[in-house]
A.B. asks: 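So that we are looking at the same thing, I have put the structure below in structure tokens.
All ligand and atom numbering here is 1-based and tracks the order in the structure.
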Amino acid sequence: MIDFPDDFLTILHSARRVAVLTGAGISKESGVPTFRDKDGLWSKYDPQELATVQAFRDNPQLVWEWYLYRRNIIDGVEPNPGHFALVEMERRYDDFTLITQNVDSLHRRAGSQKVLELHGNIARNKCFNCGAPYEGEISVEDGEIPCCSCGGRIRPDVVWFGEMLPEQVLNEAFEASSQTELFFSIGTSALVHPAASMPLTAKRNGAYLVEVNLEPTPLTDLCDFFIHGPSGEILPEMVARLSE
Ligand code: BV8
Ligand code: ZN
């Protein structure tokens with residue numbers, strides 16, 4: 001039984017507007033490695049080097065192998081109780097916004113209705129040149145990267161470092177961050193911008209800031225509450241306390 005501070009439970013019950021920002025940590029218990037996990041096949045590559053326009057220009061084959069490897073993992077896992085707890089929170093709060101840095105679709109697969117995907121989605125493809133969506137199959141065994149009718153190479157529809165985020169999604173996320181009464185930062189190292197500045201926007205506009213993580217982050221000192229532990233265990237218990 002997790003011992004939540006009483007003043008936190010009071011705010012949890014009284015808040016009407018709630019916003020949540022998630023990162024790779026919420027999908028960890030589903031079996032999706034985080035960006036910081038140095039285990040496995042791709043640990044010798046720095047994600048911040050592979051997830052760039054330059055990497056795709058230099059070696060599209062390698063970049064596609066990495067994304068197909070990650071797609072394969074994501075296709076083989078299920079959302080975890082942390083994802084499902086956020087579905088429940090969406091039902092409980094009149095004004096609830098879920099903002100994610102994850103490209104794994106696990107929030108949607110858990111049943112979350114409104115998910116602001118800041119960094120795109122790994123299951124979608126588009127043209128590197130004209131941006132046209134591409135529905136075809138992707139296989140790079142034969143070294144052939146599929147192309148669009150404009151001649152451009154097909155790439156995963158995710159936001160790479162150095163690239164702008166989808167404008168409308170970004171504006172909605174900042175709007176929700178500035179209007180909310182209670183902001184949760186869950187399973188994120190809070191290092192990648194502009195996502196990392198959303199909790200700061202919320203705090204600056206008077207919101208309570210709550211962090212759920214296995215370890216402190218650069219955001220922790222600014223938080224009103226730091227709830228230490230795995231989101232897949234903490235969030236279901238927190239939601240259970242909501243119905244009391
Ligand atoms: C941009 C999609 C305009 C692709 C991703 C201002 C200051 C400094 C730098 C910048 C700045 N503005 C812009 C930059 C540059 C850059 C940036 O932020 N760099 C950082 C590294 C310093 N930002 C950009 O390039 C952005 N574009 O700003 O364009 C521009 C351009 C240039 C210059 C100015 C302006 C685009 C950023 C998006 C890149 N795409 N993903 C893909 O997935 O392949 S980012 C990717 O990495 C993820 O989406 C996520 O955002 C990030 C990883 O962070 P987390 O999700 O937090 O995961 P991480 O592994 O780091 O941490 C996991 C956490 O979970 C840990 O804290 C761990 O303790 C915790 N945890 C683990 N298990 C659990 C848990 N917690 C709870 N329960 C558990 N079970
Ligand atoms: Zn094209």
A.B. asks: Quick test: of every protein heavy atom, which one is nearest to atom 2 (C) of ligand 1, and how far off is it to 0.1 Å?
C.D. replies: Val159 O, 3.2 Å
A.B. asks: Report yes if Phe161 has an N/O atom closer than 3.5 Å to an N/O atom of ligand 1; otherwise report no.
C.D. replies: no
A.B. asks: Looking only at heavy atoms, what is the nearest atom pair of Pro194 and Leu170, with distance?
C.D. replies: CG-CD1, 3.7 Å
A.B. asks: Using modelled atom types only, decide if a donor and an acceptor are shared between the side chain of Trp64 and the backbone of Ile154 within a distance under 3.5 Å.
C.D. replies: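 Yes, because the side chain of Trp64 sits within donor-acceptor range (under 3.5 Å) of the backbone of Ile154.
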A.B. asks: Against ligand 1, does Gly162 come closer than 4.0 Å with any heavy atom?
C.D. replies: yes
A.B. asks: Of all the atoms in ligand 1, which lie at a distance below 4.0 Å from a heavy atom belonging to Gly229?
C.D. replies: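 Going through ligand 1 atom by atom, the ones under 4.0 Å from Gly229 are 77 (C), 78 (N).
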A.B. asks: Geometry only, no angles: is Tyr67 polar-contacting ligand 1 at N/O separations under 3.5 Å?
C.D. replies: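 Checking ligand 1 against Tyr67, an N or O pair does fall under 3.5 Å apart.
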A.B. asks: When you compare ligand 1 with Glu29, is there at least one nitrogen or oxygen pair between them that comes in under 3.5 angstrom?
C.D. replies: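 Glu29 vs ligand 1: N/O contact under 3.5 Å present.
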A.B. asks: Can you sort out which atoms of ligand 1 are near Glu215, meaning under 4.0 Å from one of its heavy atoms?
C.D. replies: 69 (O)
A.B. asks: Less than 4.0 Å between atom 15 (C) of ligand 1 and some protein heavy atom, yes or no?
C.D. replies: no
A.B. asks: Does atom 46 (C) of ligand 1 have a protein non-hydrogen atom under 4.0 Å from it?
C.D. replies: yes
A.B. asks: Rounded to 10°, how big is the angle at the Zn ion (ligand 2) from Cys148 SG to Cys127 SG?
C.D. replies: 110°
A.B. asks: Check His119 against Gln101 and note the closest heavy-atom contact, atom names and distance.
C.D. replies: ND1-O, 3.4 Å
A.B. asks: Tell me the protein heavy atom at minimum distance from atom 73 (N) of ligand 1, and give that distance in Å.
C.D. replies: Leu214 CD1, 3.4 Å
A.B. asks: What is the nearest protein non-hydrogen atom to atom 10 (C) of ligand 1, stated with its residue, atom name and distance?
C.D. replies: His193 CB, 4.1 Å
A.B. asks: Test your reading of the structure: does Val192 have an N or O sitting under 3.5 Å from an N or O of ligand 1?
C.D. replies: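 So ligand 1 has no N or O lying under 3.5 Å from an N or O of Val192.
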A.B. asks: With only distance considered, is Asn102 within less than 3.5 Å of ligand 1 through an N or O on each side?
C.D. replies: no
A.B. asks: Of the protein's non-hydrogen atoms, which lies at the shortest distance from atom 75 (C) of ligand 1, and what is that distance?
C.D. replies: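 Going by distance alone, atom 75 (C) of ligand 1 is nearest to Gly25 CA, 3.6 Å.
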A.B. asks: Under 2.8 Å from the Zn ion (ligand 2), can any N, O or S atom of Cys150 be found?
C.D. replies: yes
A.B. asks: Could you find the nearest protein heavy atom to atom 67 (O) of ligand 1 and give me its residue, atom name and distance?
C.D. replies: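 Residue, atom and distance for the closest contact: Asn213 ND2, 2.9 Å.
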A.B. asks: Under 3.5 Å between some N or O of ligand 1 and some N or O of Gln48?
C.D. replies: no
A.B. asks: Are any of the side-chain heavy atoms of Thr188 and Thr217 separated by less than 4.5 Å?
C.D. replies: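 SC-SC contact between Thr188 and Thr217 ruled out.
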A.B. asks: Is there a donor-acceptor contact under 3.5 Å from the side chain of Ser30 to the main chain of Glu78?
C.D. replies: yes
A.B. asks: Checking side-chain contact (heavy atoms from CB on, under 4.5 Å) between Tyr208 and each of Val18, Asp224, Leu12, Thr180, which is the one that passes?
C.D. replies: Asp224
A.B. asks: I'd like to check which ligand 1 atoms, numbered from 1 as shown, lie under 4.0 Å from a non-hydrogen atom of Gly23.
C.D. replies: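 This gives 56 (O) as the contact atoms.
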A.B. asks: Name the closest protein heavy atom to atom 59 (P) of ligand 1, giving the residue it belongs to and the distance to 0.1 Å.
C.D. replies: Arg36 NE, 3.3 Å
A.B. asks: Around atom 38 (C) of ligand 1, find the nearest protein heavy atom and jot down its residue, atom name and distance.
C.D. replies: His119 NE2, 3.5 Å
A.B. asks: Looking at ligand 1, would Pro156 count as a contact under a 4.0 Å heavy-atom criterion?
C.D. replies: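 No, that is not the case, since the closest heavy atom of the residue is not under 4.0 Å from the ligand.
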A.B. asks: Any N or O on Pro194 sitting closer than 3.5 Å to an N or O of ligand 1?
C.D. replies: no
A.B. asks: Indicate, as side chain, backbone, both or neither, the part of Gln101 found under 4.0 angstrom from ligand 1 when only non-hydrogen atoms are considered.
C.D. replies: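 Looking at Gln101 and ligand 1, atoms from backbone and side chain both fall under 4.0 Å.
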A.B. asks: Short N/O distance, under 3.5 Å, between Gly187 and ligand 1?
C.D. replies: yes
A.B. asks: Does the Glu90 side chain pair with the main chain of Gln113, one donor and one acceptor, at a distance under 3.5 Å?
C.D. replies: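 The answer is yes, because a donor-acceptor pair under 3.5 Å joins these two groups.
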A.B. asks: Compare every heavy atom of Asp94 with every heavy atom of Arg16, then report the nearest pair and how far apart it is.
C.D. replies: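 Reported closest heavy-atom pair: CD-OD2, 3.6 Å.
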A.B. asks: Distance alone, cut at 3.5 Å: any donor-acceptor contact between the side chains of Ser178 and Thr201?
C.D. replies: no
A.B. asks: Which ligand 1 atoms does Lys28 reach within 4.0 Å, using its non-hydrogen atoms?
C.D. replies: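 What qualifies from ligand 1 is 73 (N).
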A.B. asks: Return the minimal non-hydrogen interatomic distance between Ser105 and Asn121, and the atom names on each side.
C.D. replies: OG-ND2, 2.8 Å
A.B. asks: For atom 30 (C) of ligand 1, grab the closest protein heavy atom and report residue, atom and distance to one decimal in Å.
C.D. replies: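 That would be Met164 SD, 4.3 Å.
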A.B. asks: Taking 4.0 angstrom as the limit and counting only heavy atoms of Ala24, give me the atoms of ligand 1 inside it, by number and element.
C.D. replies: 55 (P), 56 (O), 58 (O)
A.B. asks: Nearest heavy atom to atom 36 (C) of ligand 1 wins, so pick from Glu233, Glu163, Glu211, His228.
C.D. replies: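 Checking each option, the heavy atom nearest atom 36 (C) of ligand 1 is found in Glu163.
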A.B. asks: Have a look at ligand 1 and work out which part of Leu191, if any, has a heavy atom under 4.0 Å from it: side chain, backbone, both or neither.
C.D. replies: backbone
A.B. asks: I want to check something: taking the side chain as every heavy atom from C-beta on, are Arg124 and Pro133 in contact at a cut-off of under 4.5 Å?
C.D. replies: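 No, their side chains stay 4.5 Å or more apart.
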A.B. asks: Less than 6.0 angstrom from the centroid, inside 45 degrees of the normal: does Arg155 satisfy that with respect to the ring of Trp160?
C.D. replies: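 Yes, Arg155 lies over the aromatic ring of Trp160.
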A.B. asks: Has Asp6 got more than 12 heavy atoms of other residues, nucleotides or ligands less than 6.0 Å from its CG?
C.D. replies: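 At most 12 heavy atoms, drawn from other residues, nucleotides or ligands, come within 6.0 Å of this atom.
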A.B. asks: May I have the step-by-step check of side chain to side chain contact (heavy atoms under 4.5 Å, CB included) for Ser177 and Ile99, ending in yes or no?
C.D. replies: CA-CA 9 Å; Ser177 301; Ile99 308 163; 3.9 Å; yes
A.B. asks: Evaluate whether atom CZ of Arg153 has more than 12 neighbouring non-hydrogen atoms of other residues, nucleotides or ligands under 6.0 angstrom away.
C.D. replies: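 Counting other residues, nucleotides and ligands, CZ of Arg153 stays at 12 neighbours or fewer.
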A.B. asks: Ligand 1 and Trp160, any nitrogen or oxygen pair closer than 3.5 angstrom?
C.D. replies: no
